[in-house]
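In this text, all values refer to a predicted model and were calculated from it rather than measured experimentally. Order of the sequence lines fixes the chain letters, A, B, ..., with proteins taken first and strands second; residue numbering starts at 1 for each chain.
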Amino acid sequence: MSDFRAPIRLDGIKLSQELVLFNLRDLTWATSAISKFFGYLRDQQINLPFLTSLCKSGSVRVSCCAAREDDDRIRRHFDDVPEFEGKVTRVPAVGMLSLFPHKSRIEMVETALSAMAGADLAVHGFATSISALTLITDYRGMDRAVAAIKGDFDLPRGFVPMKPEFTLRQRTAHKPYP
Amino acid sequence: METIAVYWEAIVRIYGFTVSSGLALLDFRVDAEAWNAPGAAAAVAVCDPMRFEAAAGQCMDGTGYDRSILMSIDQVEPMRSFIEKRFGKHVAEGLAVTAPVDVISFQGPHFGDRFGIVDTTFQAVEKSGVPLLASGFSSSTVYLALPGGTANRVQRCLAEIFTVPKSP
């Protein structure tokens, strides 16, 4: 770690359960496929704990995560909709690593990304929320990711990352699948 | 053990809308070579403090990142300079700036744990007729980047399906 600046202080790191990442590209908002996809997720009661979208020159890219248990249903939907052919890539076995707080500081984001790159850890996507920076990385590398982050940030003494002890799921009274 | 809680919510509750105007959306691509270039990490250590409204990155094909940052317009040039130091001139030259941009953000309880938030939000934006430049859904927070001057129109449509409970 450089001597140029004191390490940035973090209060904690939160880890997710295992997820699957889908990248959709070369679509447009006018394409019915996108709205049908999100409508399908709603009808199937599938949650997306993470999503980013960017529209450049009319072409939309969406990157989103879902729980591992929802992987098969989502893949079947993409297989059934011709408009998605050749436009979807899937990255299995990923997880979310959320660091907080970011305090809206660019140098915090860049330091985290550099720490991951320095440890040769993949970052499949990232986004900020009001107080956290969430990185999508390989699920099996999450412990190494925590170690990499600890090396470049100042964390509380005795820090232990928060791991999910239970899962919250929203359901209607009727399940759409067996 | 499974715990089940049942509640009815006709309109999704949120903590409030935050609207920021007059921002800039920066987007640029960092290829794998630039990411690992010598000095890339060192540039971070001497980065001047800069603040962002929201930041995101997508790795569509495993060969690099497409990054987007929402920040105030007066930070665009310092950010461009930092990008050049960190990733090289060719990345900085590819920086695209869209301005002015409005951002609507909101969050609600357990947004990251419940289905339908993305579909509900995108339907409202579509109804407004305003093109969505970028969005982020992470840790119970939703960010929507829109062309400058359009936030109110989008917020009206969002307010039809998201509500801020009033205190008794």
Is atom CG of Asp120(A) surrounded by more than 12 heavy atoms (other residues, nucleotides or ligands) closer than 6.0 Å? no
Any chain of hydrophobic side-chain contacts (each under 4.5 Å) joining Leu10(A) to Phe126(A)? yes
Find the distance between CZ (Phe38(A)) and OG1 (Thr121(B)) and round it off to the nearest 0.5 Å. 10.0 Å
Side-chain heavy atoms under 4.5 angstrom apart, residues restricted to Ile, Leu, Val, Met, Phe, Trp, Tyr: same cluster for Leu113(A) and Ile136(A)? no
Answer key: most heavy-atom pairs under 4.5 Å with chain B among Cys55(A), Ser129(A), Ala122(A) is Ser129(A)
For Thr120(B), which atoms come within 4.5 Å of any heavy atom of chain A: side chain, backbone, both, or neither? both
Can you give me the closest heavy-atom contact between Met60(B) and Val62(A), atom names plus distance? CE-O, 3.5 Å
Picking from Ser68(B), Gly57(B), Ala134(B), Pro131(B), which has the most non-hydrogen pairs under 4.5 angstrom with chain A? Gly57(B)
Short side-chain donor-acceptor distance under 3.5 Å, Ser135(B) and Ser53(A): yes
Could you tell me if the side chain of Ser35(A) sits less than 4.5 Å from the side chain of Gln123(B), heavy atoms only? no
One should read off an interatomic distance between Phe115(B) CZ and Gln45(A) CD, to the nearest 0.5 angstrom, of 4.0 Å
Using a cut-off of 6.0 Å, state whether more than 12 heavy atoms not belonging to Arg140(A) lie near its atom CZ. no
Does a donor on one side chain and an acceptor on the other come within less than 3.5 Å for Ser63(A) and Gln58(B)? no
Side chains of Val118(B) and Phe37(A), heavy atoms from C-beta outward: is any pair under 4.5 Å? no
Could you tell me if the side chain of Trp29(A) sits less than 4.5 Å from the side chain of Leu132(B), heavy atoms only? yes
Can you check whether Asp61(B) reaches Arg25(A) side chain to side chain, under 4.5 Å on heavy atoms? no
Within 6.0 angstrom of Glu126(B) CD, more than 12 heavy atoms from elsewhere: no
Would you check, one step at a time, whether the test side-chain contact (heavy atoms from CB on, under 4.5 Å) holds for Phe137(B) with Leu48(A)? CA-CA 8 Å; Phe137(B) 294 72; Leu48(A) 295 178; over 6 Å; no
Within the structure provided, determine whether Lys56(A) and Asp27(B) are in side-chain contact (heavy-atom separation under 4.5 Å). yes
Contact check, side chains of Arg105(A) and Met50(B), non-hydrogen atoms, under 4.5 Å: no
Enter the distance from Tyr143(B):OH to Thr52(A):OG1 here, rounded to the nearest 0.5 Å. 14.5 Å
Side chain from CB out, backbone as N, CA, C, O: work out which of these in Ile34(A) comes under 4.5 Å of a heavy atom of chain B, or both, or neither. neither
Hey, quick one: are Met162(A) and Leu135(A) part of the same hydrophobic cluster, counting side-chain heavy atoms closer than 4.5 Å, chains of contacts allowed? no
Let me confirm one number: the CG-CG distance from Asp66(B) to Asn23(A), rounded to the nearest 0.5 Å. 10.0 Å
Do Thr134(A) and Ser139(B) come within less than 4.5 Å of each other through their side chains, counting heavy atoms only? yes
Check: Thr128(A) side chain, Ala55(B) main-chain N or O, donor-acceptor pair, under 3.5 Å: yes
For the CD1 atom of Ile106(A) and the CD atom of Gln75(B), what is their distance to the nearest 0.5 Å? 8.0 Å
Apply salt bridge (charged side-chain N to carboxylate O under 4.0 Å, His left out) to the pair Arg67(B) and Glu110(A), showing each step before the final yes or no. CA-CA 12 Å; Arg67(B) 296 194 44 182; Glu110(A) 300 300 326; 2.5 Å; yes
So, taking the atom named OH in Tyr65(B) and the one named NE2 in His124(A), what distance separates them when rounded to the nearest 0.5 Å? 8.0 Å
Shortest non-hydrogen contact from Arg42(A) to Gly116(B)? NH2-O, 3.4 Å
